[in-house]
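Read through the structure below, which is laid out as structure tokens, and then see the notes.
Chain identifiers are assigned alphabetically (A, B, ...) following the order of the sequence lines, protein sequences preceding nucleic acid strands; residue numbering begins at 1 within each chain.
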There are 2 protein chains.
Amino acid sequence: METSTVDPWHALADPTRRKVFARVAHGQCSVTEIARDLPVSRPAVSQHLRVLLDAQLVDVHQQGRERLYRPRLSGLEGLRRELESYWSQTLTRFKDVAEQTYEPTTPAPEGKTR
Amino acid sequence: METSTVDPWHALADPTRRKVFARVAHGQCSVTEIARDLPVSRPAVSQHLRVLLDAQLVDVHQQGRERLYRPRLSGLEGLRRELESYWSQTLTRFKDVAEQTYEPTTPAPEGKTR
DNA sequence: ATAACGCGTAAGTTACTACTTACGCATCCG
DNA sequence: CGGATGCGTAAGTAGTAACTTACGCGTTAT
């Protein structure tokens, strides 16, 4: 049907949506509760939560007439792994540069290029 | 001048741009080199690299008529910290649920919520 | 010098997305 | 039984962003 799984990177890219997620990650809460602390309408929050759901970053369960959202590990796992990979690779590159100092063929990189 | 430090979340949200960054993180390389492995034009790669630069995720230095890009730690740091925070919070919530003792977000009625 | 290479940027197009209001469906309370 | 609360979804809109081609500038090679 629709996109079964949303890229978690994309899901957390939007600042508002990231605030929504941060709120949920901090502790289980309802939609209206989240919307109360944000400068957007409740439906907007609902839509953000949908994206977070599709990205498997949050989980929901009905309780009475409320829908309580809570964070979920699965969506974060891939993100974490990927970021950790970038991190270590960058560390390695950085060490390479530090050890080999620099190539004398290039003029000083600190020179102000206006 | 660049008061506009780009959100690294946003910078890594686009799949193509993430591929560009992954390539750079793997090892220093030039623009044409990156574009060769991707289904987009060279200018597109340049534009992606600009965003990555603004997000402080990559670094560049001129060498002859080439511009060599390499990964940079500073942009990743904030990302990593934030993600780690989400991760640990989610772990905590998860444990709470496992123990069947979830607490309301507001300071609250003492007894078991049941 | 002239050509070829490597690159950034401008300009234009197209697709997506984050938001709004309006609505309908459940669930709790009087 | 209503009326109120909590929520998701539909529909419409304004802004953004990811691409393309065209171009100009500096550097290397012939």
Side-chain angles (χ1 to χ4, degrees), chain A residues 1-3 6-24 28-55 57-70 103 105-107 109 111 113-114, chain B residues 1-2 4-21 23-24 28-55 57-70 104-106 113:
Chain A
M1 271 222 358
E2 74 266 0
T3 40
V6 163
D7 181 12
W9 284 103
H10 167 257
L12 290 181
D14 181 74
T16 303
R17 190 156 51 227
R18 204 156 64 245
K19 280 177 196 157
V20 169
F21 177 67
R23 179 67 177 80
V24 172
Q28 173 180 262
C29 51
S30 71
V31 182
T32 337
E33 203 169 348
I34 301 172
R36 197 182 308 129
D37 301 334
L38 292 179
V40 297
S41 69
R42 185 195 48 75
V45 173
S46 266
Q47 289 160 11
H48 283 307
L49 284 167
R50 174 116 154 83
V51 176
L52 293 173
L53 268 173
D54 287 346
L57 285 165
V58 300
D59 209 358
V60 64
H61 65 112
Q62 190 102 19
Q63 181 168 312
R65 60 185 167 185
E66 285 188 331
R67 287 172 71 87
L68 297 180
Y69 288 84
R70 56 186 179 198
E103 317 228 335
T105 59
T106 322
T113 58
R114 170 185 110 71
Chain B
M1 215 48 108
E2 44 278 18
S4 57
T5 301
V6 165
D7 180 12
W9 284 105
H10 166 257
L12 291 181
D14 181 74
T16 303
R17 190 155 53 227
R18 204 156 63 243
K19 280 178 196 157
V20 169
F21 176 68
R23 179 68 178 79
V24 172
Q28 174 179 266
C29 51
S30 72
V31 181
T32 338
E33 202 170 347
I34 301 172
R36 197 183 308 128
D37 300 335
L38 291 179
V40 297
S41 69
R42 184 194 50 74
V45 173
S46 266
Q47 290 160 11
H48 283 307
L49 284 167
R50 175 115 156 82
V51 176
L52 294 173
L53 269 174
D54 287 347
L57 284 165
V58 300
D59 208 357
V60 64
H61 64 113
Q62 190 103 18
Q63 181 167 314
R65 60 185 168 186
E66 285 187 332
R67 286 172 71 88
L68 298 180
Y69 288 85
R70 58 186 176 196
T105 54
T106 51
T113 61

Legend entry - Closest to the B:Val31 side chain, choosing from D:dG26, C:dG8, C:dT20: C:dG8
Inset, instruction - Report the residue (A:Arg42 or A:His48) whose heavy-atom-nearest nucleotide on DNA chain C is the more 5′ of the two. - result: A:His48
Between [atom2] of [N] and [atom1] of [X], the distance in whole Å:
{"X": "B:Asp7", "N": "D:dA17", "atom1": "CG", "atom2": "P", "result": "11 Å"}
{"X": "B:Asp54", "N": "D:dA18", "atom1": "CG", "atom2": "C1'", "result": "16 Å"}
{"X": "B:Gln63", "N": "D:dG26", "atom1": "CD", "atom2": "P", "result": "20 Å"}
{"X": "A:Arg67", "N": "C:dA26", "atom1": "CZ", "atom2": "P", "result": "13 Å"}

Legend entry - Passing option when A:Leu49 is tested against A:Val45, A:Val51, A:Leu53 for side chain to side chain contact (heavy atoms under 4.5 Å, CB included): A:Val45
Inset, instruction - Check whether any side-chain N or O of A:Ser30 sits under 4.0 Å from OP1 or OP2 of D:dG6, and answer yes or no. - result: no
Inset, instruction - Determine: side-chain N/O of A:Ser41 to OP1/OP2 of C:dC19, distance under 4.0 Å, yes or no. - result: no
Inset, instruction - On DNA chain D, check which nucleotide each of A:Leu49 and B:Pro39 is closest to and give me the residue with the more 5' one. - result: A:Leu49
Inset, instruction - Let me know, please, whether A:Pro43 or A:Glu66 comes out on the 5' side of the other along DNA chain D by nearest nucleotide. - result: A:Glu66
Legend entry - N-O pairing of A:Asp14 and A:Lys19 below 4.0 Å: no
